[in-house]
Amino acid sequence: MRHAIQNLPEQIIHNKLSSIQRRMRIDSIFQNLATFNFWGLLIVGIWLTVNRFFPLPIPVGFVVSLPLIAASVIAVGLNLLRKTDPFVVAHLVDQRLNLKERLGTALEAIRRRATDDFAILQIHDAARVAQGLVPDAAVSYTTPPALKWLPIPMLLIGLSFFIPRMYEVPPPPTISEHAAIHDAAATLEQAVSGLDNAELSKQVEETVKALQNKRIGVQAAQTELSKLREDVEARKSQLSENAIDQAVAAISTVGENSKLLSGADAGEIALELQKLTDQMDELTAVQRAELDALLRQLAERLGGNPAAKNLVDQLNEIETEGVSPEMLAKIARSLLEIDRQAKDIAQLEGILEEIRASRKNIGLAGIEMARKTGGVAGSDGGPGEESGTGEARGTQVDAMTSEARPTEELRLRGGTSDSQEFSIGTTQENPSGEEEPVYTQYQEVYLNAKQAYAEAMERDGIPMRYRQRVKDYLDAIANTGK
């Protein structure tokens, strides 16, 4: 029975058209893949060429793979989303094989469920013709036209490898630099645990996650830390640091001079005032007078302080309303708010200090100076014997021995110059300060280093193999135009 149904004229026509439709879809996929991948390769070639002049923000592997993957997905997706009507297939076969609209007319009659004799004869005739059709004759696989243009993007990709890179690629972090970055992430991760601000904690956690990435470089790490520093400084600038510090100092001073309150800071004094709200009835007249004088003294000390405006207003209400448990509760809440702001500033300052130390450690990790057991370089520029002075020295035929030669420290002594050749850059001179560190002009530092280099050359204190490197370095930092 099943064999009979498969041999029905209608089934024969549908099976043949379905077979031809599959060939059309496969051929369309090949055409789309060739066309879209041509444009994908062209984009890859353009990106690789641009990458020789400007560094791209993503790795080269993604530059090559993303356009090709996207092109393939779009090509296949468009083919799957596009539905081909069997009538289109039937008319295409009729046209290509000159069947005089047999398949199209028969398919239309099948869909109309025609039962007249003429329609049945048309269907049988179309089924007889379809049974002898070869799908390859109706739809043959053709070479995509886009393939003839394929050499253009391939040539562009090949030429991109011959273009010299117009910028310096930062070297991967050394072991010491990687360790410094890891230490910075660990330090910030530990600092997050003590933060009360959820938004700031999220920002610090994102920075920690970026620093923990094994592929991060020194420059990227410094950028992440610098960005976090700017965010923390912006938050800190929103708080009146000087006013809050003055308010905390005034509150602490009043607490120290009081016999009724024994708290050392605003938070402890606020807790003691909250306890007094439940003990107001037990206070003697002397204690009430002392509490009243204490609060008036606090109002006088905080007068004009913008950070304690609400607290001062509440303290001034004592003159008209007197001291009551409700008033003490309000004052305690204001004191707790000031204490919270002071702690926020301390936390922000602590994070800023950790960021400064981390950036400094990462920067210093890239400077490799092995001066503890400096070797004596030979006349050929190779390493020689160790020097007991801790200073690497070159050797000469008539040179003094390391024991007879006095030990000298390499110092940077000041020098003056009227030359305007150097930019007025600065370098950090005293990084351990509470405020911004003191800086020295770039010109002065360079002249000091130049003078120290000349003196070291005179006493043969630089190994032969390092002399040209030191000279090239000094020449490079002097040429500020590059």
Side-chain angles (χ1 to χ4, degrees), residues 20-85 88-89 92 135-136 139-174 177-178 181 185 202-203 205-228 230-231 482:
I20 295 174
Q21 186 178 15
R22 282 194 299 270
R23 290 184 63 88
M24 291 177 62
R25 175 164 290 184
I26 294 174
D27 183 68
S28 177
I29 289 177
F30 287 149
Q31 300 291 336
N32 288 344
L33 283 174
T35 301
F36 284 96
N37 277 281
F38 163 78
W39 291 108
L41 286 173
L42 187 62
I43 293 174
V44 169
I46 294 174
W47 279 8
L48 290 178
T49 303
V50 171
N51 189 41
R52 310 306 289 184
F53 297 92
F54 307 99
L56 294 177
I58 58 177
V60 177
F62 289 116
V63 171
V64 175
S65 60
L66 287 180
L68 298 181
I69 294 175
S72 301
V73 171
I74 292 174
V76 176
L78 289 177
N79 190 268
L80 295 177
L81 293 176
R82 185 173 57 188
K83 302 296 183 179
T84 304
D85 195 332
V88 176
V89 180
L92 178 65
D136 188 19
V139 177
S140 59
Y141 296 134
T142 59
T143 303
L147 289 181
K148 66 180 179 180
W149 303 105
L150 193 60
I152 295 178
M154 298 301 295
L155 182 62
L156 184 61
I157 293 174
L159 289 177
S160 65
F161 290 98
F162 292 95
I163 300 175
R165 187 181 288 111
M166 301 301 177
Y167 57 90
E168 291 293 335
V169 178
T174 61
E177 289 173 338
H178 183 75
I181 295 174
K202 183 179 179 181
Q203 290 179 338
E205 288 174 355
E206 291 176 354
T207 304
V208 171
K209 185 177 180 181
L211 294 177
Q212 290 176 342
N213 188 352
K214 295 181 179 180
R215 295 184 178 180
I216 192 171
V218 173
Q219 187 63 35
Q222 293 283 20
T223 302
E224 291 291 338
L225 291 173
S226 178
K227 181 180 177 182
L228 178 61
E230 292 175 357
D231 294 339
K482 293 184 178 181

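For the numbers below, each heavy atom of this structure counts, side chains included, while hydrogens, waters and symmetry mates do not.
- Every residue two or more places apart in sequence or in another chain that forms a side-chain hydrogen bond (donor to acceptor under 3.5 Å, both in side chains) with R23 is listed here: D136.
- Using a 4.5 Å heavy-atom threshold, the side chains of T49 and L159 count as separate.
- Counting only heavy atoms from C-beta outward, the side chains of F38 and P144 never approach each other to under 4.5 Å.
- Between R22 and P135 there is no side-chain heavy-atom pair separated by less than 4.5 Å.
- Rounding to the nearest 0.5 Å places OG1 of T207 at 7.5 Å from CG of D231.
- Checked against side-chain hydrogen bond (donor to acceptor under 3.5 Å, both in side chains), Q31 has the following partners two or more places apart in sequence or in another chain: T142.
- With a 4.5 Å cut-off on side-chain heavy atoms, W39 and L42 count as touching.
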Task: N213/E224 under side-chain contact (heavy atoms from CB on, under 4.5 Å): CA gap, chis, key distance, verdict - done: CA-CA 12 Å; N213 188 352; E224 291 291 338; over 6 Å; no

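- For residues 51-61, the side-chain hydrogen bond (donor to acceptor under 3.5 Å, both in side chains) pairs, not counting sequence neighbours, are N51-Y167.
- R25 CZ to I20 CD1: the interatomic distance, rounded to the nearest 0.5 Å, is 15.0 Å.
- Checked against side-chain hydrogen bond (donor to acceptor under 3.5 Å, both in side chains), T223 has no partners two or more places apart in sequence or in another chain.
- Scanning all heavy atoms of the two residues, the minimum distance from L66 to I58 falls at CD1-CD1, 4.5 Å.
- T143 contributes atom OG1, which lies 9.5 Å from atom CG of D27 (distance to the nearest 0.5 angstrom).
- Among residues two or more places apart in sequence or in another chain, the side-chain hydrogen bond (donor to acceptor under 3.5 Å, both in side chains) test is passed with R215 by none.
- Here side-chain hydrogen bond (donor to acceptor under 3.5 Å, both in side chains) pairs that include residues 144-163, with residues two or more places apart or in two chains, number zero.
- Considering only residues two or more places apart in sequence or on other chains, Q212 meets the side-chain contact (heavy atoms from CB on, under 4.5 Å) condition with A185, E189, V208.
- Between T35 atom OG1 and L147 atom CG the span is 8.5 Å, to the nearest 0.5 Å.
- A search for side-chain contact (heavy atoms from CB on, under 4.5 Å) contacts involving V76 returns L33, L80, not counting sequence neighbours.
- Distance check: I43 CD1 to L156 CG gives 11.5 Å after rounding to the nearest 0.5 Å.
- Residues satisfying the side-chain contact (heavy atoms from CB on, under 4.5 Å) test with L41, not counting sequence neighbours, are L68, L150, P153, M154, I157.
- Crowding of F62 atom CZ: a count of heavy atoms from other residues, nucleotides or ligands under 6.0 Å not exceeding 12.
- Remark: the backbone N or O of G61 is paired with a side-chain donor or acceptor of S65 at under 3.5 angstrom.
- For G40 against P67, the heavy-atom pair with the smallest separation is O-CB, 3.7 Å.
- Annotation: the span from K214 atom NZ to I181 atom CD1 amounts to 14.0 Å, rounded to 0.5 Å.
- With sequence neighbours excluded, the residues that form a side-chain contact (heavy atoms from CB on, under 4.5 Å) with Q21 are T84, V89.
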